[in-house]
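Proteins come first, then strands; the chains are lettered A, B, ... in the order of their sequence lines, and each starts at number 1. Hydrogens, waters and symmetry mates play no part in the numbers below; they use all other heavy atoms, side chains included.
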Amino acid sequence: MFRRERSIPLRGSAAALCNNLSVLQLPVRNLTHFGVVHGPSAQLLSAAPEGVPLAQRQLQAKEGAGVSPPLITQVHWCVLPFRVLLVLTSHRGIQMYESDGSVMVYWHALDAGDASLVQAVFARGIAASGHFICVAKGSNIVLSEELAGHQTPVTDIATEPAQGQDCIADVVTADDSGLLCVWRSGPEFKLLTRIPGFGVPCPSVQLWQGTIAAGYGNGQVRLYEASTGTLHVQIDAHARAICALDLAPEVGKLLSAAEDTFVHIWKLSRSPEGGYVEVEHCHGECVPDTQVCGARFCDPSGSSFAVTGYDLAEILRFSSM
Amino acid sequence: MSVRTLPLLFLNLGGEMLYILDQRLRAQNIPGDKARKVLNDIISTMFNRKFMEELFKPQELYSKKALRTVYDRLAHASIMRLNQASMDKLYDLMTMAFKYQVLLCPRPKDVLLVTFNHLDAIKGFIQDSPTILHQVDETFQQLTETYGGLSAGEFQLIRQTLLIFFQDLHIRVSIFLKDKVQNSNGRFVLPVSGPLPWGTKVPGLIRTFNNKGEEVRKAEFKHGGSYVAAPKEGSFELYGDRVLKLGTNMYSVNRPVETHMSGASENLAAQTQESIAPNPLAKEELNLLARLIGGMEIKKPSGPEPGFRLNLFTTDEEEEQAALTRPEELSYEVINIQAAQDQQTNEELARIMGEFEILDQPRRSASKGDDLLAMMDEL
């Protein structure tokens with residue numbers, strides 16, 4: 001059972017984007033950082049355990065050529081081995097900051113020539129893998145090299161630390177057609193498997209112990225074996241498009257949130273017989289009259305989570321009793 | 001975001017505008033022939049081929065300010081006049097109605113069905129004018145060509161683009177409050193029951209498969225809602241059962257069109273901050289606007305056809321009162337351009353806007369681009 005905790009007010013409402021909440025847990029400092037996209041700006045704030053807001057900062061998308069002010073598509077913290085960077089993607093490019101958003105350390109402008117008039121190109125999809133930060137630009141993934149694997153715009157990227165000999169797949173990318181690409185990271189990234197879509201976008205994807213959890217536009221959550229692409233679990237989880245997935249990797253908990261106002265928590269485990277993944281439903285929470293656009297666990301044990309909703313100028317928090 | 005959003009935004013807002021005007025024309029007992037003329041003139045201007053060509057070009061959405069100017073122009077395409085307060089109210093109702101429809105669309109692609117519902121109703125208004133009917137059918141054709149082949153992902157992007165346009169608008173609409181589709185805080189009710197989107201299964205099932213793809217386990221979970229599968233898919237043909245009710249006419253003579261102006265938005269700080277920040281790209285937008293409005297061929301009223309004023313409120317006093325008490329943050333600033341000022345850059349716009357009231361003398365400034373901006377800032 002979960003109960004509503006005190007909400008954290010936002011300066012601006014959350015935009016109707018997918019994966020529109022990023023959380024950086026800093027248990028050592030007893031702090032949690034939150035990042036939400038409002039539109040042309042993103043808001044960062046830090047809060048103490050009870051949700052008391054401590055500091056806040058707004059970041060703007062850098063200007064560039066175009067008629068209207070650029071919109072931010074995603075904000076996400078990337079935890080690298082020796083530092084944490086905050087990455088912001090927008091229609092104009094990719095901006096990277098120190099983790100508190102104080103200093104911009106890198107700016108990559110999207111080539112104006114990248115966009116044809118018919119298909120807008122924007123950056124969206126951020127993840128850290130080992131020493132790399134992966135950001136997707138349209139249908140390509142940009143690192144120090146460009147990875148071509150998708151024909152439609154990438155929606156999300158998920159990574160997990162390499163699991164050793166057995167699990168060689170550690171990066172998954174998803175796109176608007178529902179296609180999933182599975183990669184092995186390294187000095188050169190290698191495409192291992194492709195899992196085809198079925199006519200609906202896959203806005204959010206997670207990777208846990210070699211299992212891919214993918215949320216789709218028709219409300220389904222599907223779990224695949226990353227190395228082979230085999231479908232192991234199919235959940236008719238939501239009544240509208242899924243907008244966010246999150247993992248509490250230490251305990252194998254998965255969180256799914258959708259435009260149907262519901263957030264569900266699932267427990268992933270490996271079956272003793274076949275060794276493949278199994279899912280159990282733990283909890284469902286309705287956020288009344290709210291088109292959820294972002295959701296994240298707030299602690300490693302998955303006993304608390306935060307939610308953002310379209311048009312809502314606050315971060316809603318829940319914790320288990 | 002999506003560069004194919006403008007036609008959908010324009011046509012649906014236009015459709016809502018016509019529903020409201022039709023209701024008010026009847027409520028105010030405007031003679032049938034005059035009322036029909038107004039609707040015919042507006043519809044034929046809206047669906048003018050040159051205008052549609054401009055509209056359907058891939059482009060980013062205009063700002064709310066710029067779009068409002070287009071509707072101002074459109075509403076005055078005939079012998080009817082609206083005071084500022086009535087025009088403001090009209091735009092409020094139009095935007096909140098379409099925001100509601102976009103939000104409640106089960107599937108992102110359903111926004112196309114909403115558009116078709118509006119077009120179907122528009123054709124009902126102009127039954128007696130085959131030329132205009134043909135224009136509307138052509139637009140239908142163009143919608144099918146442009147959107148018929150788009151993927152679910154592209155429609156999701158269009159939906160997100162529309163929602164970003166409508167972000168932070170929480171005006172309370174009487175008819176929505178009465179029907180309990182809007183809460184008293186201005187937010188729309190999102191029901192957790194009813195028909196599912198076409199292609200979505202009833203939530204509650206977990207299926208597990210083995211390595212060979214055989215189902216080894218089936219379990220149920222309690223999902224919390226009370227949904228049923230959609231009976232059938234709406235038709236995307238020229239004629240057909242759209243199934244979806246969103247986008248059909250919710251007004252009738254007996255259903256009033258009031259709005260409540262108070263308590264519109266909790267987050268005024270963020271809102272006003274953005275609206276007063278100078279937009280360095282305003283010039284670019286003005287040029288696009290000029291091209292768009294340039295495509296509207298407005299017929300000048302010939303002969304002694306007397307005009308009339310339509311009131312969106314029940315009495316003139318109410319209209320005056322509304323004008324005085326409209327909250328600052330909700331004021332729509334209409335772009336009004338001094339024709340003589342800028343020969344080079346905006347001749348076309350100047351010609352078209354020539355009929356509009358000219359405000360104070362704009363101040364002199366260094367570059368001609370600044371002149372246009374200065375004029376806008378003065379509003």
Side-chain angles (χ1 to χ4, degrees), chain A residues 10-13 15-17 38-40 63 66-69 71 91 117-120 122 152-153 155 175-178 199-201 203 217-220 225 228 230-241 260-262 264 274 276 278-281 284 286 288-291 310-311 313, chain B residues 1-4 57-63 103 106-108 151-154 156-157 159-160 163-164 167-168 170 183 187-190 192 196-197 199-211 213 216-217 219 221-225 227 266-267 269-270 274 279-281 284-285 288:
Chain A
L10 289 169
R11 276 270 200 92
S13 59
L17 301 163
H38 168 65
E63 294 284 347
V67 174
S68 41
L71 295 172
H91 290 195
L117 267 181
V118 180
Q119 178 93 10
F122 45 86
T152 39
T155 51
D175 73 19
D176 263 343
S177 73
V200 282
N218 66 347
Q220 271 186 356
E225 187 69 53
T228 58
T230 315
L231 172 68
H232 279 300
V233 183
Q234 182 173 297
I235 314 173
D236 295 326
H238 290 275
R240 294 284 189 279
D260 64 355
T261 77
F262 281 93
H264 286 295
Y276 44 78
E278 288 188 325
V279 179
E280 208 183 281
H281 181 252
C286 173
D289 301 332
T290 304
Q291 186 186 278
Y310 166 64
D311 248 1
Chain B
M1 304 315 280
S2 176
V3 290
R4 283 186 247 250
K57 285 186 181 156
Q59 57 195 307
E60 289 177 26
L61 280 190
Y62 295 159
S63 64
L103 206 53
R107 273 182 315 178
S151 68
E154 282 165 308
Q156 172 71 308
L157 197 62
R159 178 191 158 83
Q160 287 177 343
L163 288 177
I164 285 174
Q167 205 169 326
D168 298 325
H170 298 298
N183 292 323
R187 281 164 208 286
F188 290 117
V189 172
L190 299 180
V192 295
L196 290 161
T200 295
K201 301 211 185 99
V202 178
L205 200 58
I206 306 174
R207 297 168 70 198
T208 313
F209 305 90
N210 63 14
N211 283 323
V216 295
R217 194 165 148 238
F221 73 93
K222 197 163 179 339
H223 58 87
Y227 302 100
E266 292 100 51
N267 242 313
E274 282 180 45
N279 181 4
L281 303 164
E284 187 63 45
E285 193 173 53
L288 288 178

TODO: Return the minimal non-hydrogen interatomic distance between Gln160(B) and Ala16(A), and the atom names on each side.
DONE: CG-O, 3.0 Å

Task: Any side-chain heavy-atom pair of Asp311(A) and Asp168(B) under 4.5 Å - done: yes

Task: Side-chain H-bond candidate by donor/acceptor type, Thr208(B) with Glu278(A), under 3.5 Å - done: no

- [ ] Could you look at His238(A) and say if it's the side chain, the backbone, both or neither that has a heavy atom under 4.5 Å from chain B?
- [x] backbone

Task: Close side-chain approach of Val233(A) to Ile206(B), heavy-atom, < 4.5 Å - done: yes

Task: Gln220(A) versus chain B, the contacting section by heavy-atom distance below 4.5 Å - done: side chain

Task: Thr228(A), part contacting chain B, at a heavy-atom distance under 4.5 Å - done: neither

- [ ] For the pair Tyr227(B) (side chain) and Ala239(A) (backbone), establish whether a donor and an acceptor sit closer than 3.5 Å, ignoring hydrogens and angles.
- [x] no

Open item on the list: I need the minimum non-hydrogen distance between Phe221(B) and His264(A), along with the two atoms involved.
Closed with: CE1-CE1, 4.0 Å

Task: Straight-line distance of Leu157(B) CG to Thr155(A) OG1, nearest 0.5 Å - done: 11.5 Å

Open item on the list: At a 4.5 Å cut-off on heavy atoms, which part of Thr152(A) comes close to chain B: side chain, backbone, both, or neither?
Closed with: neither

Open item on the list: Is the shortest side-chain heavy-atom distance between His281(A) and His223(B) below 4.5 Å?
Closed with: no

Open item on the list: Let me confirm one number: the CG-CG distance from Asn183(B) to Asp289(A), rounded to the nearest 0.5 Å.
Closed with: 5.0 Å

Open item on the list: Quick check on Lys222(B) against chain A: is it the side chain, the backbone, both or neither that has a heavy atom closer than 4.5 Å?
Closed with: backbone

Task: Contact summary for Asn210(B) and His232(A), nearest pair of heavy atoms - done: C-CE1, 3.8 Å

TODO: Among the options Leu17(A), Val200(A), Asp175(A), pick out the one with the most heavy-atom pairs lying under 4.5 Å from chain B.
DONE: Leu17(A)

Task: Which atoms of Arg107(B) approach chain A - backbone, side chain, both or neither, heavy atom under 4.5 Å - done: neither

Task: Any side-chain heavy-atom pair of Glu154(B) and Asp176(A) under 4.5 Å - done: no

Open item on the list: Tell me if a side-chain donor or acceptor on Gln167(B) pairs with a main-chain N or O of His38(A) at a distance below 3.5 Å.
Closed with: yes

Task: Residue, of Gly219(A), Ala237(A), Gly39(A), Pro288(A), that accumulates the most heavy atom pairs under 4.5 Å with chain B - done: Ala237(A)

Open item on the list: Can a side-chain donor-acceptor contact be found between Asn211(B) and Thr230(A) if the only test is distance below 3.5 angstrom?
Closed with: no

Task: Minimum heavy-atom distance Gln156(B)-Ala241(A), with the two atoms named - done: NE2-CB, 4.1 Å

Task: Engaged part of Leu231(A) at the chain B interface, taking heavy atoms whose separation is under 4.5 Å - done: both

Open item on the list: Do His91(A) and Glu60(B) have side chains that approach each other closer than 4.5 Å (heavy atoms only, starting at C-beta)?
Closed with: no

Open item on the list: Testing the basics here: between Pro197(B) and Arg240(A), what is the closest heavy-atom pair and its distance to 0.1 Å?
Closed with: CD-NH1, 3.3 Å

TODO: Determine the minimum heavy-atom distance between Pro201(A) and Ala152(B), stating which atoms define it.
DONE: CD-CB, 3.6 Å

Open item on the list: Does any backbone or side-chain atom of Val216(B) lie under 4.5 Å from a heavy atom of chain A? Answer side chain, backbone, both or neither.
Closed with: side chain

